[in-house]
Amino acid sequence: MSPSSTSESNSPAPVATVSNWTLIKRMLGLAWIYRWGCIKVLLLQVAVLSLGLMALGLFGLGVDIIQFHINPKAKVPAYPLGLQPPPDMPVMNVVFLIAAAMLVLALLRAALTYQYALASNHLVQSEIVVDLRAQVYAKLQRISFRFFDTNETGSIINRVTGDVQNVRLFVDGVLLQTVVLVLSVSVYLFYMLHIHVMLTLACLASTPLLVVSTWLYMKKVKPATLKTRELSDVMVRTLSENIQGIQVVKGFARENEEIAKFAQANRNVREQQNWTFWLTSVFSPLTSFIPQLNLVVLLCYGGYLLTHDPTFTLGQGIIVFAGLLRQFEGQVTTIATIANSAQQSLTGAQRVFEILDAPVEIQSKPDAVRVLKARGTVRFENVTFGYRAEEPVLQNIDFEVPAGSSIALTGANGGGKSSLLSLISRFYDPDQGRILLDGVDLRDLDVDDLRRSIGLVFQESFLFSHTVAANIAFGYPRATREQIEQAARIASAHDFIMELPDGYDTILGERGNGLSGGQRQRLAIARAILLDPPILLLDDPTAAIDPETEHEILEAMQSAMQNRTSFVVAHRLSTLRRADRVIVLEHGRIVESGTPDELAENSSFYQQATTTQAPDEESLRLLGLDLEARV
Amino acid sequence: MISKLHKRIHRAASRNGGTLGYPDAVANPQSRRRVVARQKEQGKSAPSDADTSQLTHAEFDERGAEMRPLEFGLIARVFAYMRPYRARRNWLLLIVLVRSLQIPALAALFTHVINGPLIARDVRGTLLGAAAFLLLAIFTQVTLHFRSRWALELGEAVVHDLRRDVFAHLQKMTMSFYHRTPVGRIISRMTSDIEVVRSLVQDVLFMSMVNVGQMIFAAAVMFWYDRVLFLMILGLAPILWGLNFYFRRRLSKALRAAQESFSRVTSTLAESVSGIRVTQSFVRQNFNSRLFLSQVVDHSNFNMQAAQKSGALPPLLELNNQFFMVGLLLFGGYRILGPGVGAEIAPVRAEALVGYYLMSATFFSPLATIGNIYNQALAAMAGAERVFQLLDTPPEFADKPDAIALPPIEGRIEFRDLSFGYDPDHLVLHDINFVAEPGQTVALVGHTGSGKSSLIQLISKFYLPTSGQLLIDGQEIRDIQSASLHRQMGIVSQVNFLFTGTVMENIRVGRPDATDEEVMEAARRLDVIDLIETMPEGFHASVGERGEGVSLGQRQIICFVRAMLANPRIMILDEATSSVDTMTELRLQNALATLLKDRTSFVVAHRLSTIQDADTVLVLDGGRIVERGNHHQLLGEGGVYANLYRQFVQATAV
Ligand SMILES: Nc1ncnc2c1ncn2[C@@H]1O[C@H](COP(=O)(O)OP(=O)(O)O)[C@@H](O)[C@H]1O
Ligand SMILES: Nc1ncnc2c1ncn2[C@@H]1O[C@H](COP(=O)(O)OP(=O)(O)O)[C@@H](O)[C@H]1O
Ligand SMILES: [Mg+2]
Ligand SMILES: [Mg+2]
């Protein structure tokens, strides 16, 4: 799913692809919020670096002192900071002092490194990521449905998990890393230049090559691994389809074809992998060769200096230099990593900010009308609506439902019944026309109040993995046990709930697993009527239920609909008959409407439905049911 | 749908390298390798043998998984998978040996140049030494190339073969296995478990050899330099090893906790996204946000705990290096300068200090790497064991070796005193006796759980009867080759399963060699070709997991055409029309009649109207046939069927 996919919908403010610069500015703003944490992390890092350098220098000094002592012809060691030991001090004591100093530095450094790890983890994982995740999630709860329509679940989840991590990568992986890189590279460079200018230049001549080859590697390997991932996704999908469709596979004796299909997918992965391996095993020797090349330069040129330059020593010269080189190269190769992180954080930011910036389309106006207890008259005035511009799903819908009466919606799948219901809950706003509740335009009402006045039951109700009671009290967590039981009774759910292992405290599996379809729907009805809403919307609640248990729900529906304005989507004649009015929707238009009796007289749809569902006369005779009694 | 979601979540979680919350090696000068290794890990390719010498966070992510003690049998079995590639394997072993010599040799050579010609100011010698170093370096890199490429390729080859075998094995498993085993579990055998087996070959086996070899040679060289100093190193080594061990143990526990808390986060997230309509319509947004925040904070606390453990190890390892340098200076200095140098020990040369300094890295870094590899090996054991366990699970039943291939069948199906239970102690079908003559339509009716689907599973030979006989054209079903039966059978069930691909490809599943024309002809015969052609791209519209634009009714139709194309002698419809709306059902009813014509058919339907035309109606209750006869006969009897039917009529007509 492309990050900009919401722009396809006709949302009022389409989210365009934001320029990288804007994103960077925003991420800098983000970093600014956490500046103190960043500074702390940086300071610790600088301290760790300097301590390491000092220890390296001291070791070089120690080597030189020993060298000088046993070989007076060797060069005089240069003491740092003019800390010349008194001449009468035994050499062993000097070495001992140096060793002690190194020990102290080492301990300090270890402690600081640990602190650094904690501080940066705290900054990143406990502050930035927690804050970002909470923000994105809170926004997701409010964002309009169009966003959910156009993005896959996996992609949305990924925004809260992976993409947020990528955004924070900008702070630690890009910003802090760059500062550290610049600092440490300058310090190393300075130190090396201090030892010997020409030697430094000679040894670092190949550095650009190192940078380029690392960069090239990343550039090449990235698409290759992406491709690998794609191919392994195909392989895993082949497998998972095979398992999910195993009955089809076996039923049509397709095992061999499936094996061949999988073998192809498997082979593709392997070939692509081998290409990635080839890349890796060409570049990784290359990048580790360049430092070795530098050592060769150091040997030759350093050896030359040792003989010709009186100030150049073995310890503080060559050994320290070798150490510095290693560190320097280590830092330089992070350039490519930083570039990579920057790329990653930009993609992440695009997707995270898209959510944070998405307009909440459906919002209460500042002067919204509060509805504490609606009467329940619903009126559609010439409503036209579509998920996409130019593709209306509902056209010129115009009708009124008096408070307390029931209306049945019917018609073939895709006719627009569910869409009509979602307009009443104001999940979307109509493109043209308006919908009125008790004479007030829905857009002028407080959204939360409006939704609390509506009980909603879906075709397949989504239950959460909480207790039964918590699921019923989903819309009103403070409900008392009496209220919950009362709702359950109306929805004919109380009896089966009491038979569950822990009654109302039984914890349901994911998506209400462990309950039958009918039981799930009855819980959903209980949930919908807990707050005694004046309006009830039932979107084909029996669709996923077998006819033998259907009557259980029909009962629950009947008692729930009493004294409420109710909209029920249904196909069964029995349900249609009970409504005060029936509307037949086809291709987004009302094609027929009237009382059930009127329709029974002269509706073609109705008659078709009757013939499919009606038994033949012989059967009726055998059952002892009279034909006349039916109508 | 659910499993798709899981897959996504799984992918989302696994892609997200930083999820478990390790500060990426931010700015430690030693961290280059860490970062590089992490990226390589993400790219699923193993780094060169030196590259994992540091702790990598990505490794922690995976190593947080389950572990098992090393087991020779499992390793041998993985080794056996290399047999087809033994030439490659043997070369690799040779290269490993070469490499473990090369790395210490490089350090030693460098030391020698410094200690020898360099200190002696012998320019020619230095240059020669440098040239030798250069040559050796090039040689080393060339072997590195082959070492890493061959090991990686070998690992991939083993993984490829394992996957092939697992898949082929899965095709042999019977339905009972699939009913028992969650899809996610099978997939993780094929993905994460096999992945760790890969690391067993790619990293563990060959990398540990290189590292152990390298340590031994480095130790030998140092021993040769100076025996007493060597003892010091030997003293530090176990400390290092112990530290490593201790911390990794504690870390993997903390990581598991963090991982668990993260999966709580993702599952809440998944539920919130799927249930968003419910949330918004019940105005629960604020409540949910608070709940989620507490979970995220909880996760970050677990993360911090893990970080406290993971953060301690690198500085301690580093400290070890520093101690070593200090000790080297002190001890070496003492030996060189101190008073107590006896004649029995040759005084150490200052150059040995340099040598030790340079060699120590080649000795110590393998220690950490091996610790790493060891952990990897333990995780690999757990994975390998699960994979092999799957491979070793025999199918519940297989065709007998002397099973016969059915000739084109008439379609006479006879149940004789048949009883069946998924678990032999719990029969779900009792004493079933009846005969379906060729061409007859048998309708199965009964409450949910009465055994209708089970009966059909038996005819399909997805399960074998527990007792009694099931005869097809007089042949006992146990003596028939499953494939020869399945090829003459068409099944349409409630789950309208379609593969990813086009409509055409899905229909062709029924008969792979059918031409496009034959596919369309089948659709025409069912009189549904217009319904398929109204789809955006007609027969070339894509369906399956991605084909979300295809309605339930259309899916159902595709399944019907698929069965039709197979032109089976036995047709089975298990609640095939239960999920379509009334209008579509009307359309399908004609198609259905064509589909069933001239074939022995078994139909389970909830809408009793589809059953009226059946030749025989079997009413099942509690796994027994309680009534049989045709529709009108049964109504006349006024028994269970008549009651069911009355309920139905009342539901539709009152
Ligand atoms: N979230 C959505 N995004 C885009 N199109 C949709 C969405 N939901 C439904 N549609 C389309 O709107 C039309 C009406 O659908 P719907 O209201 O669900 O009909 P019904 O409930 O009558 O089956 C269909 O063509 C359907 O494909
Ligand atoms: N895979 C299975 N493993 C164990 N028991 C099963 C399995 N499938 C069905 N059953 C049990 O067998 C009985 C009959 O089920 P089934 O044949 O599916 O009935 P029907 O199709 O009539 O609804 C039920 O009690 C059910 O719980
Ligand atoms: Mg609908
Ligand atoms: Mg069934």
Side-chain angles (χ1 to χ4, degrees), chain A residues 45 62 95 99 102-103 106 110 113-114 117 120-121 125-126 130 133-134 137-138 141 153-154 156-158 161-162 165 180 225 243 245-246 251 253 255 262 270 273 277 280-281 284-285 289 292 296 299-300 303 307 327 330 337 412-413 448 451 456 462 475 546 571 573-574 612-613 622 630, chain B residues 8 12 16 18 21 23 27 29 32 35 43 45 48 118 121 126 130 134 137 141 144-145 148-149 152 156 160 167 171 178 183 269 273 275 278 281-283 285 289 292-293 296 300 303 307 311 315 319 322 326 329-330 333 337 350 483 486-487 491 497 581-583 586 606 635 651-653:
Chain A
Q45 185 59 53
V95 172
M102 278 177 69
L103 209 62
T113 310
Y114 183 59
S120 80
N121 193 64
Q125 301 298 343
S126 301
V130 168
R133 283 199 173 138
Y137 182 87
Q141 295 287 299
T153 312
I156 297 174
I157 289 172
N158 216 349
T161 54
Q165 288 286 0
V180 170
T225 49
I243 299 168
I246 191 72
E255 287 93 338
F262 184 79
R270 180 175 165 186
Q273 280 280 44
F277 294 157
T280 311
S281 35
S284 86
F289 176 66
Q292 290 175 331
V296 173
L299 272 185
C300 298
T307 32
Q327 313 258 9
T337 318
N413 284 347
D448 289 355
R451 291 187 183 160
L456 190 46
F462 192 93
D546 57 58
H571 296 290
L573 286 176
S574 53
T612 16
Q613 292 178 24
L622 286 167
R630 285 181 53 233
Chain B
R8 293 261 161 67
N16 169 10
R32 176 187 70 95
V35 175
S45 57
S48 79
L118 203 68
R121 323 246 144 106
T126 308
L134 187 65
Q141 300 310 339
L144 172 61
H145 170 80
S148 89
R149 183 150 71 90
L152 291 170
E156 188 63 29
H160 172 271
F167 191 86
Q171 302 308 301
Y178 291 99
V183 185
L269 205 51
V273 172
V278 183
S281 59
F282 288 90
V283 198
Q285 295 93 326
S289 297
F292 184 73
L293 180 64
V296 173
S300 95
N303 256 337
L319 198 59
Q322 301 278 333
V326 170
L329 259 187
L330 263 187
L337 311 166
H486 289 151
R487 256 182 241 116
I491 306 175
F497 183 84
D581 66 282
T582 326
M583 300 310 292
L586 189 66
H606 269 315
L635 283 187
T652 48

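Quantities reported herein were computed from a predicted structural model and do not represent experimental measurements. Reminder, nothing fancy here: chain letters follow the sequence lines and each chain counts from 1.
Interface check for chain B: of the options A110(A), A99(A), G475(A), S281(A), the most heavy-atom pairs under 4.5 Å are formed by S281(A). Put simply, of F167(B), Y178(B), F497(B), the one with the most heavy-atom pairs under 4.5 Å next to chain A is F167(B). Of all the listed residues (V296(B), L269(B), T126(B), L293(B)), the one sharing the greatest number of non-hydrogen pairs under 4.5 Å with chain A is L269(B). Between chain A and the options L635(B), I491(B), L134(B), the largest number of non-hydrogen pairs under 4.5 Å is found for L635(B).
Counting only heavy atoms from C-beta outward, the side chains of T280(A) and S148(B) never approach each other to under 4.5 Å. Within the 4.5 Å cutoff, the side chain of Q141(B) has heavy atoms near those of the Q292(A) side chain.
The side chain to side chain donor-acceptor pair (under 3.5 Å) check on Q141(A) picks up Y137(A), N288(B), with sequence neighbours excluded.
Counting all heavy atoms, side chain and backbone alike, Q125(A) lies closest to S300(B) at O-CB, 3.5 Å.
Only the side chain of I156(A) has a heavy atom closer than 4.5 Å to any heavy atom of chain B.
Note that the CD atom of Q273(A) and the CD atom of E156(B) stand 4.0 Å from one another [nearest 0.5 Å].
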